[in-house]
Amino acid sequence: MNPSRRRFLTSAAVGLGLPWLSSMGRSVHAQEPETTPRFVGIYAPNGMYMPSWTPSETGAAFALPSLLQSLEPVREDVDVLSGLHNAAADIDTAGHHASGTAGFLTGRRAFRSESRLQLGVSLDTLLDPNALALGLEDGQSYGDCDNGFSCAYSRNVSWRDDATPRPKLVSPQAAFDTLFAGYDPTATVAQRDRRRVHRTSVLDAVGEQTRAMRRDLGRGDRMILDAYLEDVRALEQRIARDPATCAQGSQPPEPVDVEEHAATMIDLIVTALRCDATQAVTLMLDNSASNRVYPFLGVSRGHHELSHIAIGQGLTGDLEAIGAWQVGWFSLLIERLRDVPSGEATLLDETLVLLSSELSEGNTHSHEDLPTLLGGGRSLGREPGRHVSLEGADWGEFLLSLGRRLGLGIETFGENGSRVLEEV
Amino acid sequence: MRGAIRIAIASGALLVAASCGGEQRSGAEAIEIEIDPNPRRLTRYEYDNTVRDLLGTSQRPSTAFPEQPRGLGFDNVQSLQNSSVDDVLLFERAAASLAAEAIESPSASCTSADDRACAEQVIDELAPRAWRRPLREGERARLLSLYDALLSADASGHAARAGVVEAILLSPAFLYRVEVDPQYEIASRLSYFLWSSMPDEALFEAAGDGQLHHPEEIEAQVVRMLDDDKSWALVQSFAGQWLHFRALDDIFKDHSRFPSFDEALRVSMRAELDQFFASFLRDDRDLRTLLTAKHTMVDSSIRSLYGVASAPYDGMRTLDLSHLPRQGLLTMPGMMAMLARPFRTAPVKRGAWVLSQLMCAPPPPPPAGVEGLADEVDATTVRERLAQHRADPSCAACHDAIDPIGLAFENYDALGRWRDEVNDDPVDAAGQLPDGFAFDDALQLSAHLAESDAFVECAAQQLMTYALGRELEPADEEQLAQVVSTWAEGGYRTRTLLVLIAQTDAFLGVR
């Protein structure tokens, strides 16, 4: 690993994910002129049908098993990694879906409680405190979603700090607006100017109102209004800056079905990275233990149900159909990132794209041999296109290795990540 | 002297737990900041209801808003405000969308040909209602000068008016419950308490007349508001959170064991719970019968869960529980299913829930390192599986209270269906509480709980917490004790409790 590409953080900041970092601009790291590392984590729930996943040979010339057929056009840019065990998530009690999901990008064991959250900061946050968290399914982060584990663990893979999941955006339009400060990219320059004037005037007036109101209030109430005033001002500044330098494509539609939803989110990820709106994005294709049905794949039983009964009832074809569908989105993202030039390389070369799940075999709730794809990263020193067995390695070590590949100056990650895996 | 919550912030996780036997504290240093939990921001549910009533819109913008941290189990009790730039952007989007629709609507059509007069009309009709109080010095002028500024920057009158509406909806006077005028303050407290929404014309008028501190006026308003359909908010939001009805949305069941559990059944279960609680508000029922009622309203799928054969029928019908081993809320399928695991019942969860939600005596979390029962335990009955709770004194301290309650409900499986046996072992539902009360089954236990001081005090406390939107302080608790005493004299009727709480100094903001 080239030391000049390292980013350095104090060790205190690593553990705590201090939110004030975000106010210091997008990154506290020294800016490296040649490569901006990026990360995309795609979470596919309920594991995979492993007999159709793991290639029988290792190395570069392996045959693509049925679940990985859609990788054919991008196989040179993708590693299949087998054998990883998430020991932190491998609990003794029930609740494996939640614990696996919580540990997905944190490498930590979730504290089992409906109401008190205790986990750890996730990898995407370390790369970019303003990481973007996307999902195809909503749901509140309170209550018991899995045998006494809070719903927060089941519905989030991105964590701002030990106890705070990053708010997940399910609406593509809201996500787009959040990234691009609410500007309509298809507008003409004149229209954009008018919008900017309109919005800043409105926010200006709101600021004045707030200042007037706070004069009449006591100390406690003032603090709340002061915080609001600050946020209004900050938004006004963002709008005034008008990041019009990137061709953002058109504002996404509100999707009518899950396929359109997924496709729109993939588009959004490419746009977000291409326009440097963020360095890190996560996408949950559904929440943990999702029981979604996929009628357009000919699958009418729920996904979670299938993950348990498929083998026993001869329905593995249905389970595979869902897994292949999920891999298809990963594949599409790889292709789209590869199509974006970046200097003499491509956006894909500067990005690590991860697909994995909270479990391997859904029926036994296993956290061993997790189904893992890792794409991109040539400009970060990777040479993908292989099936690599990482038998004996821990998921935390894998996350540590990703972090180092992304230039983070971390020595450890999560509970078990203290050794870098050179093959990653 | 508004309630202040002192927040202790540690550099790591905050854990201040008193175990049943002693104190456990984190080793981290605590920095204490005194933060007033008011003014609270409108919750997502309140925002949607408020714009519905303000603008007549069917938009539900809050689906894009982030969740806020929640306190004491209620989303309208907010111990910290965590707003951010992204939050304001989402509010701005919502405001723009609502304003665009509002300006188009026929009810906003202007009686004047003069654009500026139209803008004045918008301001005069919308701002006081949106801000839930009369406009103060300078506010009208400021909104008009926004209009002028937008016009002079080349906007159409239409766009400028929309901008004014956006500013109204982005003002903290709209988004937050900022309380500056005592009478209008009471109007908002009443409407957000009973409707999770803004005051209506009648409330605004009463506030304008300066009547809203009189106990008789409060009573009249509460009764009127309970008769309004908008009081469904108490079922959705108060009962949904106090009794965890909303948690039905989060559960899943193992399909091989419980193939009948699907989305339709989930909805049916929730409907029974909602209708049951609603009947207490509508019919002013004795709230103690929440735990002992001998009839319920169910659709045909729930009727089968009760073990009563029936041909399918549409809608909901009364089910008489007199000849069934059922009574009240706890043995309803929705509750038993929600208080269970995907593949089995959960006696400890059930017991802890009763203690926490119905007795306001939540057991503290387990000691570090004890995070649940390992799946492989060498025992036959669930009572035996929990035997360690009794054998180990540090477990027994808490579990002597929790386990007997939970085990009493073992006859009701993870869908709430009756069973005589679990894995061929007959269920033994008898038990004894730490205070010495012995019972044969869940029905005797429920009756005992219903008659206890702890239950009625807890119900009142939960409702008062929800009404005030904050933790109760000693002064509030004194008033609560008076409320409970008067409530008892009135036979524990549900509407009486709501009226009494709304008449307290704490609720009326009397300092």
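Just so we're on the same page: letters track the sequence lines, and every chain starts at 1.
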Requested in this report: Name the member of A:Ser141, A:Gly302, A:Gly312 that forms the most heavy-atom pairs with chain B at distances under 4.5 Å.
Outcome: A:Ser141
Query - Verdict with supporting geometry, B:Arg142 and A:Asp204, salt bridge (Lys or Arg N to Asp or Glu O under 4.0 Å) - result: CA-CA 11 Å; B:Arg142 235 172 269 121; A:Asp204 216 34; over 6 Å; no
**Report entry** Pairwise distance CD1(B:Ile251) to SG(A:Cys151) - rounded to 0.5 angstrom
**Finding:** 11.0 Å
**Report entry** Segment of B:Leu150 engaging chain A (4.5 angstrom heavy-atom cut-off)
**Finding:** side chain
Query raised in the report: Taking side chain as C-beta onward, heavy atoms only, is A:Gln209 less than 4.5 Å from B:Trp131?
Result: yes
**Report entry** Residues which pass ring pair (Phe, Tyr, Trp, His ring centres under 6.0 Å) with A:His198, listed by chain and number, not counting sequence neighbours
**Finding:** none
**Report entry** chain B contacts, top residue of A:Thr178, A:Asn147, A:Ile309 (heavy-atom pairs, under 4.5 Å)
**Finding:** A:Asn147
**Report entry** B:Glu166 versus chain A, the contacting section by heavy-atom distance below 4.5 Å
**Finding:** both
Query - Residue pair A:Gln173, B:Arg93: steps toward the side-chain contact (heavy atoms from CB on, under 4.5 Å) verdict - result: CA-CA 10 Å; A:Gln173 285 184 346; B:Arg93 289 174 87 238; 3.4 Å; yes
Query raised in the report: Looking at A:Ile239, A:Asp177, A:Val202, which hits side chain to side chain contact (heavy atoms under 4.5 Å, CB included) with B:Glu92?
Result: A:Ile239
Query raised in the report: Can you say whether B:Val164 sits under 4.5 Å from chain A via the side chain, the backbone, both, or neither, judging by heavy atoms?
Result: neither
**Report entry** Note, B:Val178 side chain near A:Met213 side chain (heavy atom, < 4.5 Å)
**Finding:** yes
Query raised in the report: Are side-chain heavy atoms of B:Val88 and A:Glu236 found at a separation under 4.5 Å?
Result: no
Query raised in the report: Is there a side-chain contact between A:Asp216 and B:Arg136, using heavy atoms and a 4.5 Å cut-off?
Result: yes
Query - Step-by-step salt bridge (Lys or Arg N to Asp or Glu O under 4.0 Å) determination, A:Arg166 to B:Asp86 - result: CA-CA 12 Å; A:Arg166 167 167 281 99; B:Asp86 288 341; over 6 Å; no
Query raised in the report: So what's closer than 4.5 Å to chain B heavy atoms on A:Asn291: side chain, backbone, both or neither?
Result: side chain
Report summary line: Okay, A:Leu235 and chain B: the region with an atom under 4.5 Å from a heavy atom over there is both
Report task. Among the options A:Asp144, A:Leu229, A:Asp138, pick out the one with the most heavy-atom pairs lying under 4.5 Å from chain B. Result -> A:Asp144
Query raised in the report: Is chain B contacted by the side chain of A:Leu217, its backbone, both, or neither, given a heavy-atom distance below 4.5 Å?
Result: side chain
Report task. Pick one of side chain, backbone, both or neither for A:Cys145, based on which atoms fall under 4.5 Å of a heavy atom in chain B. Result -> both
Report task. Please flag which part of A:Ala289 lies under 4.5 Å from any non-hydrogen atom of chain B: side chain, backbone, both or neither. Result -> side chain
Report summary line: d(A:Asp146 CG, B:Asp250 CG) to nearest 0.5 Å is 11.0 Å
Query - B:Val85 portion near chain A, given a 4.5 angstrom heavy-atom threshold - result: both
Report task. Would you name the heavy atoms of A:Val206 and B:Pro172 that are closest together and state the gap between them? Result -> CG1-CD, 4.5 Å
**Report entry** Contacting region of B:Ser145 [heavy-atom separation from chain A under 4.5 Å]
**Finding:** neither
Report task. Would you sort out whether A:Ile224 and B:Arg41 count as a side-chain contact (heavy atoms from CB on, under 4.5 Å), showing the intermediate values? Result -> CA-CA 9 Å; A:Ile224 306 288; B:Arg41 205 164 79 191; over 6 Å; no
Query raised in the report: Under the side-chain contact (heavy atoms from CB on, under 4.5 Å) criterion, do B:Lys349 and A:Glu114 qualify, and how do the steps go?
Result: CA-CA 11 Å; B:Lys349 183 176 169 108; A:Glu114 287 180 38; 3.0 Å; yes
Requested in this report: Examine whether an atom of A:Ala174 lies under 4.5 Å from a heavy atom of chain B, and if so say whether it belongs to the side chain, the backbone or both; otherwise answer neither.
Outcome: both
Query raised in the report: From A:Gln140 CD over to B:Asp249 CG, what is the distance, rounded to the nearest 0.5 angstrom?
Result: 7.5 Å
Query raised in the report: Of the backbone (N, CA, C, O) and the side chain (C-beta and beyond), which part of B:Ala173 lies under 4.5 Å from a heavy atom of chain A, both, or neither?
Result: both
Query raised in the report: Among all residues two or more places apart in sequence or in another chain, which pass the ring pair (Phe, Tyr, Trp, His ring centres under 6.0 Å) test with A:His304?
Result: A:His97, A:His308, B:Phe252
Query raised in the report: What heavy-atom pair brings A:Gly182 and B:Leu89 nearest, and what distance separates the two atoms?
Result: N-CD1, 4.1 Å
Query raised in the report: Does any heavy atom of chain B fall under 4.5 Å from the side chain of A:Ile91, the backbone, both, or neither of them?
Result: neither
Query - Heavy-atom check, side chain of B:Leu170 versus side chain of A:Tyr228, under 4.5 Å - result: yes
Report task. Using non-hydrogen atoms and a 4.5 Å limit, figure out which bit of A:Arg233 sits close to chain B: side chain, backbone, both or neither. Result -> neither
